[in-house]
Amino acid sequence: MHDIRFIRQFPEAFDDALKRRGDSPVAERILELDRRRRRRIARAEKLRAEQKAASRKIGRAKAEGDMAKFDVLRRKVSEARETMTVLDREASEADDALRQLLLTIPNRAFKDVPDGSSEDDNLVVRTWGEPREFSFEPREHFEIPGVASGMDFKTAARMSGSRFVLMSGAVARLHRALGQFMIDTQTRENGLLEMWTPVLVRGNAMRGTGQLPKFAEDSYRTEGGQWLIPTAEVTLTNIAGDTIVDEHCLPWRFCAHTQCFRSEAGAAGKDTAGMLRQHQFEKVEMVSVTAPEASIEELERMRGCAEGILEALGLPYRTVVLCTGDMGFGARKTYDLEVWLPGQGKHREISSVSNCGDFQARRMNARLRRRASRAVEFVHTLNGSGLAVGRTLIAVLENGQRQDGGVDIPKALEPYVDGATSISASGELA
RNA sequence: GGAGGAGUGGCAGAGUGGUCGAAUGCAUCGGUCUUGAAAACCGACGUGGGGGUAAAACUCCACCGUGGGUUCGAAUCCCACCUCCUCCGCCA
């Protein structure tokens with residue numbers, strides 16, 4: 001949600017920001033709605049003030065027992081009432097219209113975000129690790145002999161449909177180990193507070209983080225009207241919603257390991273093989289809530305928390321800054337971490353770390369109170385994957401695969417799999 | 001699912017038709033006192049919006065769970081909804 005005062009003051013800058021993202025200008029439309037809204041409010045309030053004053057007089061007349069005066073005044077106010085009802089309604093309609101429009105406009109990118117229209121314009125800012133030299137043709141994760149038996153898409157499809165998986169044995173175990181390893185690392189080494197959150201939320205929470213109203217078709221809704229979260233960003237960020245927190249309590253740094261649900265509408269035919277793109281997956285999510293002046297630095301810290309997992313697992317990756325056209329709805333700046341997948345011979349997104357500025361905070365009314373001035377202002381919110389568990393499993397399997405069909409397990413994971421160092425070609429931990 | 005109770009400022013908690021944005025307490029902030037701190041005392045202290053201003057000052061409007069309604073006038077009366085709590089039922 002945008003600050004209407006900013007748009008009033010800098011309509012050109014506002015439209016320029018939209019243009020950078022490839023969207024058409026709306027400032028003129030917004031300002032017209034705003035003018036209409038303000039005109040209605042001014043008129044309605046003036047009338048209300050008069051009516052209020054008259055009411056007080058009526059009260060006084062009655063108290064003094066002057067019934068003649070009482071009746072005259074009362075009739076007069078009665079007549080004005082109808083006009084006021086109309087003006088009131090028009091004012092609130094104008095207000096709603098403006099609000100609805102503002103809710104569908106994406107955030108403005110920071111100045112240091114590269115302009116561009118697609119992922120081709122993203123900027124690589126860091127590369128870590130060397131893709132391994134294979135003495136054989138590396139396979140995609142689901143083709144690796146030691147993995148195939150533990151990753152069953154057919155059975156999952158029979159009960160749930162496409163884009164679901166049934167994992168078993170060593171693969172299931174390794175997947176669980178990854179989630180545990182990630183959340184342990186984020187809490188022990190990076191000092192984030194572990195949270196356990198609902199995965200079903202009200203529409204209001206989805207609106208707060210920006211999934212609604214515009215992207216309803218991307219998420220699942222229950223019959224009762226609740227939504228399955230597409231990411232724990234929704235629940236973790238909404239912790240700050242509708243609160244005023246003392247500034248010295250910030251930053252808040254949360255993480256949670258949850259199931260995530262996405263309809264993947266519009267991704268038909270994309271990444272259909274393997275478990276890269278599933279309707280249900282696990283993710284360890286990080287969320288920070290900071291004072292406005294601290295969010296830029298916090299983004300770098302959070303990015304480091306995500307990168308640290310890949311490095312601990314020895315997975316080669318690169319970090320890119322998303323260009324304006326590739327950024328998500330609520331972000332002012334986003335880093336994507338792309339892990340090297342030898343089976344595909346490509347880098348694929350495994351984490352996305354964003355600074356949303358006050359965009360989400362405005363939507364959910366998340367504020368802080370300054371210690372010295374007692375002033376209240378909106379907090380800044382950030383979120384990032386730390387990391388997507390399913391995709392990390394893919395990366396571990398593809399990068400660790402051996403010619404014999406087995407997979408070497410990263411050292412950091414050994415404590416989480418009873419000291420096993422590999423999965424054999426027959427799919428056993430060894 | 002059934003029955004009952006309740007939702008008021010950062011928190012607790014008064015207030016049942018007329019200057020109520022709302023007593024009081026706690027918390028917070030400023031000050032006095034003190035070597036310092038505590039205590040005590042004095043003072044300040046809601047949010048959002050409109051007008052106004054260079055910015056203030058100032059001024060108006062709204063907000064007592066949400067949305068409607070009654071009334072000249074609603075925190076207070078009526079209706080619907082939401083949420084929470086208690087008891088019963090069911091249940092991982």
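Sequence lines set the chain letters: A, B, ... in the order given, protein chains first and strands last, and positions in each chain run from 1. All values reported here derive from a predicted model rather than from experimental measurement.
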Side chain to side chain donor-acceptor pair (under 3.5 Å) partner of A:K333, chosen from A:D112, A:N107, A:N355: A:D112
P atoms of B:A39 and B:C29, separation to the nearest Å: 12 Å
Structure string for RNA chain B in dot-bracket form, Watson-Crick and G-U at under 3.5 Å, | interchain: ((((((((.[[[..)..(.....]]].(((((.......))))).((((((......)))))).[[[[[..)....]]]]])))))))....
Sugar-phosphate, base or nothing in reach of A:R8, heavy atoms under 4.0 Å: sugar-phosphate
Sugar-phosphate, base or nothing in reach of A:I58, heavy atoms under 4.0 Å: base
Distance between P atoms of B:G30 and B:G13 (Å, rounded): 29 Å
Sugar-phosphate, base or nothing in reach of A:R75, heavy atoms under 4.0 Å: nothing
Sugar-phosphate only, base, or nothing, as touched by A:V245 at under 4.0 Å among non-hydrogen atoms: nothing
Plane angle bin for A:F153 and A:F142 - parallel if under 30°, tilted between 30 and 60°, otherwise perpendicular: perpendicular
Any residue of residues 37-54 of chain A with a heavy atom less than 4.0 Å from an atom of RNA chain B: A:R37, A:R38, A:I41, A:A42, A:E45, A:R48, A:A49, A:Q51, A:K52
Boundaries of the chain A footprint along RNA chain B (any atom under 4.0 Å from a heavy atom): B:G18 to B:U83
B:C82 versus B:C90 - spacing of their C1' atoms, nearest Å: 24 Å
More than 12 heavy atoms from other groups under 6.0 Å of CD on A:E50: yes
P spacing across the pair B:G18 / B:U32, given as an integer number of angstrom: 44 Å
Salt-bridge contact A:R108-A:D16 (side-chain N to carboxylate O under 4.0 Å): no
